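Only one structure is covered here, and it is reproduced in the block below.
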Amino acid sequence: MAVITGSHPFGLWVVTVSWQGDAVYRVHFGRTGPSGPIHPLIRRYLMGQEVDLTGIASPADEGDGKTAAIYRAVRKVGYGEVATYGEIAETVGTAPRAVGQAMARNPTPLVIPCHRIVSKHGIGGFTPPIEIKKDLLAMERAVCSGRKGRI
DNA sequence: CAGTGTTCAGGAT
DNA sequence: ATCCTGAACACTG
């Protein structure tokens, strides 16, 4: 059984996902991507539905190192919520820069919501174009505020 | 050893 | 109020 690679549009971008069963191995943003199916939950997420992606397995958060612990902490950040590098660092017991380092090497954005981790003073960084991070956050915020008059 | 998707404090404009 | 430095922290290749 081979790993499936497919893509789905998100705004002006195309999200390419390599996955198999309930495990996602790689997520990549680009202008174009191969035709093929992607993980159902990620597809619904990209279509603007509030879905819980914590059920998806990612090789990144399995391990013994600090990085894996950071990824697990990041995954606890819920849909439409944000946390700072410093908060994640304090949870795991490490330094903010280690969190940034881990985010920069995140193999599976969305599954591990690195876009919800922002700098204390601004939006923070993002290895693909920062526009994507802004769009993702804007979408989640819109969905959350859209559900029955809450904030 | 060097490079980060940080953070904090200080000082200048 | 905004912007710039410099320093210290933890982790990975």
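In the text below, chain A, chain B and the rest are named by the order of the sequence lines, each starting its count at 1. Because the structure is predicted, anything quoted here is derived from the model rather than measured.
- Within the nucleic acid shown, I117(A) comes within 4.0 Å of at least one base atom, counting heavy atoms only.
- Pairing for dC9(C) is absent, judged as Watson-Crick or G-U wobble with the two contacts each under 3.5 Å.
- In this structure a side-chain-to-backbone donor-acceptor pair under 3.5 Å is missing from R72(A) to V92(A).
- Using a 4.0 Å heavy-atom distance criterion, T127(A) is classed as a base contact.
- Within the 4.0 Å cut-off from OP1 or OP2 of dC8(B), at least one side-chain nitrogen or oxygen of K120(A) is found.
- Counting non-hydrogen atoms under 4.0 angstrom, G124(A) reaches nothing in the nucleic acid.
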*Please report the C-alpha distance between R147(A) and E50(A) in whole Å, then the side-chain angles of each, then the deciding distance to 0.1 Å, and finally whether the salt bridge (Lys or Arg N to Asp or Glu O under 4.0 Å) criterion is met.*
CA-CA 10 Å; R147(A) 76 183 163 193; E50(A) 179 178 351; 2.7 Å; yes
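- Without hydrogens or angle criteria, K133(A) side chain to I123(A) main chain gives a donor-acceptor distance under 3.5 Å.
- OP1 or OP2 of dT7(B) sits under 4.0 Å from a side-chain N or O of S119(A).
- With a cut-off of 3.5 Å on both pairing distances, dG5(B) has no Watson-Crick or G-U wobble partner at all.
- Between W19(A) and H39(A), the ring planes lie perpendicular to each other; the angle is over 60°, past the 30° to 60° tilted range.
- Note on T67(A): a side-chain N or O is less than 4.0 Å away from OP1 or OP2 of dT12(C).
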